[in-house]
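Input: a single structure, listed below in structure tokens.
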Amino acid sequence: MPDGRWLGVDGDAWFLVAESPEGLVYESDAPPERLPALLRFDEDVEAWNRDLLAAAPEFGPRVAAARGLRMMRPSDPVEEAFCFLCTSNNHLARIGAMVRSLASLGEPMAEVQGHTLHRFPTLERLAAVPEPALRAQGFGYRAATIPRAAEAVLTRGGLDWFQGLAQRPRAEAHRALLELPGVGPKLADCVLLFALGHLDAVPVDTHVWRGYCTAYEPDWTYKSVTARRYAAIGDAFRARFGRRAGWAQQVLFVSELRAR
DNA sequence: CATCTACCGAAC
DNA sequence: TTCGGTAGAT
């Protein structure tokens with residue numbers, strides 16, 4: 001919003017959030033516990049950081065640099081997956097435009113501050129979107145993968161199948177997500193970490209790769225991210241940080257970003 | 001196994 | 001011209 005507030009949707013709820021010296025002040029159509037749940041205010045981030053520092057003291061400066069970071073817990077894995085489908089090989093401004101474009105295909109759910117807010121479109125709706133329509137909206141080659149990925153999810157059982165991945169072992173759920181068109185190892189790990197509650201998933205993007213190579217594998221710096229090296233980073237994080245591996249990734253990611 | 005290239009727009 | 005995940009070829 002122009003006034004610095006943030007207006008957004010998660011699943012079937014909208015939130016209008018402002019920062020104040022006393023903390024977050026917000027309006028929403030959801031019960032009061034919904035935003036704290038979305039931002040994991042019910043979790044003890046300081047304890048997470050203590051776990052990180054106990055396992056890796058060299059994370060000290062990164063933990064300090066990542067102060068204020070929240071790892072979100074979005075409610076709908078479908079919404080999460082298709083938003084992440086927009087992020088591959090892409091920049092933030094364009095991602096935002098694409099996500100808003102997808103959202104506009106969903107059912108209107110509220111009118112807030114003059115903005116019409118929409119639920120994220122259903123899998124059926126996404127599967128039926130003509131590729132040319134998305135091309136015209138600037139989706140580029142993702143215009144083809146988005147409807148195909150929606151079709152692939154429907155073939156496997158739709159939303160129930162997707163939500164069921166939260167109960168499967170992480171490695172198995174990762175393999176299942178890789179079968180979706182346009183979803184590679186990084187996007188699969190993002191969906192596992194944020195939407196499916198697999199807190200030991202470690203998405204490796206360009207920033208995490210750079211930070212990891214600098215700190216732990218200097219010989220890899222000018223090499224490419226192969227499937228083997230990708231997996232090795234996640235395994236190393238899980239061996240070192242256990243259930244905090246995903247949080248360690250978040251801290252590494254944000255500290256790298258903020259150092260640029 | 002790893003490396004290369006195409007994909008599409010944005011930013012340099 | 002470089003950047004950035006995925007997919008397919010080599």
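For the numbers below, each heavy atom of this structure counts, side chains included, while hydrogens, waters and symmetry mates do not. All chains are named by letter (A, B, ...) in the order of the sequence lines, taking the proteins before the strands, and each is independently numbered beginning at 1.
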Can you tell if the side chain of Lys223(A) reaches within under 4.5 Å of the side chain of Cys213(A), non-hydrogen atoms only?
-> no

Minimum heavy-atom separation for Pro185(A) to Tyr230(A), with atom names?
-> O-OH, 3.1 Å

With respect to the phosphate group of dG5(C), does any side-chain polar atom (N or O) of Ser88(A) fall under 4.0 Å of OP1 or OP2?
-> no

In sequence, state the C-alpha distance, the side-chain angles, and the governing distance for Phe162(A) and Leu177(A), and then conclude on side chain to side chain contact (heavy atoms under 4.5 Å, CB included).
-> CA-CA 9 Å; Phe162(A) 222 132; Leu177(A) 290 171; 3.7 Å; yes

Output yes when a side-chain donor or acceptor of Arg125(A) lies under 3.5 Å from a complementary backbone atom of Glu107(A), and no otherwise.
-> no

Nearest atoms (heavy-atom pairs only) where Ala37(A) meets Asp42(A) | CA-OD1, 4.4 Å

Do any N or O atoms of the protein come closer than 3.5 Å to N or O atoms of nucleotides 9-12 of chain B, and which pairs are they?
unit_1, atom_1, unit_2, atom_2, d
dG9(B), O5', Arg94(A), NH2, 3.4
dG9(B), N2, His91(A), NE2, 3.2

Do any of residues 174-189 of chain A sit with a heavy atom less than 4.0 Å from DNA chain C, and if so which?
-> Leu180(A), Pro181(A), Gly182(A), Val183(A), Gly184(A), Pro185(A), Lys186(A), Leu187(A)

Side chain of Thr206(A) (C-beta onward), nearest among dG5(C), dC1(B), dT3(B) | dG5(C)

Hey, does Ser224(A) reach any base, or is it just sugar-phosphate, or nothing, if we go heavy atoms under 4.0 Å?
-> sugar-phosphate

How about Arg238(A): does its CZ atom have over 12 heavy atoms from other parts shown lying under 6.0 Å from it?
-> yes

Between the protein and nucleotides 8-10 of chain C, which nitrogen or oxygen pairs are less than 3.5 angstrom apart?
none

Work out which heavy atom in Asp12(A) is nearest to a heavy atom in Arg119(A); give both atom names and the distance.
-> CB-NH1, 3.3 Å

